[in-house]
Amino acid sequence: MASAWETDTEHISIVKARAMLTQLPELLAEENRAVALTRRGKPVLALMPWELFQSVIETLEIMGDAEMMDALRRGIRDAQEGNLVSLDEVKVKLGIND
């Protein structure tokens, strides 16, 4: 059976999206991606699964927080330099017993 969705589609007309509206949540979630809705061939809206939208928003919030980005960069640098703490050491420091 032929799929109503072409996997390489990056743009979809608003008219086609309207006809496929009830199918779009599953189709987009399947590939966890966004598509551009077009009017007269020009992108006017982005359509994506809710989880992907939330992920994009969270990423933008993190990238906009200077302190958090500094901490992330330090963490990446520490990992690259091998400055790591084992899970067992963390549990001991936090007083967590299995």
Side-chain angles (χ1 to χ4, degrees):
M1 176 168 100
S3 170
W5 190 254
E6 298 174 20
T7 57
D8 62 346
T9 300
E10 293 181 12
H11 296 81
I12 184 170
S13 71
I14 289 177
V15 172
K16 185 173 181 181
R18 186 181 305 136
M20 298 174 63
L21 188 58
T22 59
Q23 299 169 326
L24 287 173
E26 290 79 18
L27 294 171
L28 291 173
E30 232 173 64
E31 298 179 19
N32 198 36
R33 67 186 185 103
V35 294
L37 298 185
T38 61
R39 179 183 290 144
R40 297 183 193 98
K42 297 188 186 246
V44 293
L45 295 169
L47 185 64
M48 65 184 75
W50 185 251
E51 291 81 17
L52 179 57
F53 172 75
Q54 288 179 313
S55 176
V56 168
I57 294 301
E58 289 172 6
T59 300
L60 290 173
E61 287 173 355
I62 291 168
M63 292 178 73
D65 184 323
E67 286 182 37
M68 198 173 291
M69 286 303 297
D70 286 342
L72 178 60
R73 286 186 191 99
R74 281 192 311 273
I76 291 170
R77 186 175 51 249
D78 284 345
Q80 290 171 337
E81 294 172 357
N83 299 330
L84 306 172
V85 178
S86 73
L87 179 57
D88 291 334
E89 289 175 277
V90 171
K91 286 180 179 180
V92 168
K93 285 182 181 180
L94 295 176
I96 299 172
N97 298 322
D98 287 332

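Everything numeric in this text was worked out from a predicted model, so none of it was measured.
Not counting sequence neighbours, the partners of Glu81 by the side-chain hydrogen bond (donor to acceptor under 3.5 Å, both in side chains) test are Asn83. A search for side-chain contact (heavy atoms from CB on, under 4.5 Å) contacts involving Leu94 returns Val90, Ile96, not counting sequence neighbours. Evaluation of the salt bridge (Lys or Arg N to Asp or Glu O under 4.0 Å) rule for Arg40 yields no partner, not counting sequence neighbours. Under the side-chain hydrogen bond (donor to acceptor under 3.5 Å, both in side chains) criterion, Thr59 pairs with no residue at all, not counting sequence neighbours. Residues passing the side-chain contact (heavy atoms from CB on, under 4.5 Å) test with Glu89 are Val85, Ser86, sequence neighbours excluded. Among residues two or more places apart in sequence or in another chain, the side-chain hydrogen bond (donor to acceptor under 3.5 Å, both in side chains) test is passed with Glu67 by none.
Residue Leu87 belongs to no hydrophobic cluster, having no ILVMFWY side-chain heavy atom closer than 4.5 Å to its own. In the hydrophobic clustering, Ile76 connects to Ile62, Met63, Met68, Met69, Leu72, either directly or through intervening members, whenever side-chain heavy atoms lie under 4.5 Å apart.
The distance from the CG atom of Leu47 to the CD1 atom of Ile14 is 10.5 Å, given to the nearest 0.5 Å. Atoms OG1 and CD1, on Thr38 and Ile12 in that order, are 8.0 Å from each other to the nearest 0.5 Å. Interatomic distance, Leu28 CG to Leu52 CG, rounded to the nearest 0.5 Å: 9.0 Å. Between the NE2 atom of His11 and the NZ atom of Lys16 there is a distance of 13.5 Å, given to the nearest 0.5 Å.
Residues in residues 59-94 take part in no ring pair (Phe, Tyr, Trp, His ring centres under 6.0 Å) pair, two or more places apart or across chains. Residues in residues 71-80 take part in these salt bridge (charged side-chain N to carboxylate O under 4.0 Å, His left out) pairs, two or more places apart or across chains: Asp70-Arg73. Pairs passing the ring pair (Phe, Tyr, Trp, His ring centres under 6.0 Å) check and including a residue from residues 37-87, sequence neighbours excluded, read Trp50-Phe53. Evaluation of the ring pair (Phe, Tyr, Trp, His ring centres under 6.0 Å) test over residues 63-91, restricted to residues two or more places apart or in two chains, returns none.
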